[in-house]
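What follows is one structure encoded as structure tokens, with my remarks underneath.
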Amino acid sequence: MDPLTGLANRAELDRAGAALLAAAARDGHRALVVTLDLDNFKCLNDTHGHDRGDAAIVAVADAFRSATRARDISARTGGDEFVVVMRLSSRADPAAIAARLRAHVAHTIVTEVPEARDVGVDVTLGYACTAEHGYEPRGTPHRSRWGARRRQGGPERPCLRRVPAPSIGHLSAYGDTSPQHGRC
């Protein structure tokens with residue numbers, strides 16, 4: 001378990017996530033893999049202190065606990081990087097589920113950590129559905145196979161789609177660069 005959030009850590013995600021995907025494949029069900037990270041998180045830490053950064057991380061965990069089922073896997077894979085793996089019903093819309101999760105996390109962060117809004121913290125979320133991407137998690141060799149990697153120019157999510165979600169307050173899916181946020 002991750003000590004700050006109480007979510008699964010990377011090792012547990014690898015174990016439980018692989019088991020969930022294998023069971024879904026065996027039973028002919030779809031699964032959804034969601035990756036999420038906080039943009040401008042460093043700015044929150046630098047401007048308001050690591051205690052407020054930790055509060056934002058805990059807010060993500062709180063949002064996951066209230067928006068996912070006990071059988072879903074929610075994990076913190078790095079500083080401000082998270083993964084959720086869940087089985088889907090045959091009628092579930094992966095894009096809608098990902099968008100709702102993103103909106104819920106964004107709302108929870110600004111509710112629990114108002115300073116996050118002040119510095120323009122935003123939520124980037126990507127997802128993959130096994131119906132389109134298969135049951136084997138992919139990633140880059142130097143990072144968790146579940147996680148995402150960054151490159152110059154913005155986030156990259158191998159085999160994942162980005163969620164076009166509406167803004168929540170000053171948070172947006174792709175970042176709000178308006179000067180009122182006092183970017184770091």
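Of all the heavy atoms in L7 and S74, the pair that sits closest is CB-O, 3.6 Å. Closest non-hydrogen pair, R102 versus V123, comes out as NE-O, 3.3 Å. Across all their heavy atoms, G6 and R65 have their closest contact at C-NH1, 4.3 Å. Nearest heavy atoms, L32 versus P94: CD1-CB, 3.8 Å. Pairing each heavy atom of A59 with each of T108, the nearest pair is O-CG2, 3.4 Å.
Residues passing the side-chain contact (heavy atoms from CB on, under 4.5 Å) test with A96 are D93, R100, sequence neighbours excluded. Partners of E12 according to the salt bridge (charged side-chain N to carboxylate O under 4.0 Å, His left out) rule, which considers only residues two or more places apart in sequence or in another chain, are R15. Residues forming a side-chain contact (heavy atoms from CB on, under 4.5 Å) with D51 (at least two apart in sequence, or on another chain): none. By the side-chain contact (heavy atoms from CB on, under 4.5 Å) test, A25 is found to be paired with Y135, residues two or more places apart in sequence or in another chain being considered. The side-chain contact (heavy atoms from CB on, under 4.5 Å) test applied to A31 returns L20, L21, A24, T130, not counting sequence neighbours.
With respect to the salt-bridge test (charged N to carboxylate O, under 4.0 angstrom), the residues R87 and D72 do not qualify.
Among L4, N45, L44, the one residue that satisfies the side-chain contact (heavy atoms from CB on, under 4.5 Å) test with D54 is L4.
With rounding to the nearest 0.5 angstrom, the NZ atom of K42 is 9.0 Å from the OG1 atom of T47. Interatomic distance, D37 CG to L125 CG, rounded to the nearest 0.5 Å: 9.0 Å.
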ask   = When you look at T35 and E81, which way does the side chain to side chain contact (heavy atoms under 4.5 Å, CB included) test go after all the steps?
value = CA-CA 7 Å; T35 65; E81 297 172 348; over 6 Å; no
query = Can you list the steps and then say if V83 with V34 is a side chain to side chain contact (heavy atoms under 4.5 Å, CB included)?
reply = CA-CA 5 Å; V83 174; V34 174; over 6 Å; no
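At a threshold of 4.5 Å between non-hydrogen side-chain atoms, the residues I97 and M86 count as touching. Looking at heavy atoms from C-beta onward, L38 lies out of side-chain contact with T124 at the 4.5 angstrom threshold. When side chains are defined from C-beta on, R76 counts as touching I57, because their heavy atoms get closer than 4.5 Å. Considering only heavy atoms from C-beta on, I73 stays 4.5 Å or farther from T68 through its side chain. Here the side chains of E112 and D62 are in contact, with some heavy-atom distance below 4.5 Å. Looking only at side-chain heavy atoms (C-beta outward), F64 and V105 come within less than 4.5 Å of each other.
Side chain of R10 to main chain of L13: no donor-acceptor pair is present (N/O by atom type, distance under 3.5 Å, no hydrogens or angles). For R30 (side chain) and A92 (main-chain N/O), a donor-acceptor pair under 3.5 Å exists by modelled atom type. D27 places no side-chain N or O within 3.5 Å of a backbone atom of H29 that could act as its donor or acceptor partner. A side-chain donor-acceptor contact under 3.5 Å links D2 to the backbone of T5. Side chain of R69 to backbone of R71: no donor-acceptor contact under 3.5 angstrom is found.
Judged as a ring-ring contact (aromatic ring centres under 6.0 Å, His included), not a single pair has a partner in residues 38-57 (not counting sequence neighbours).
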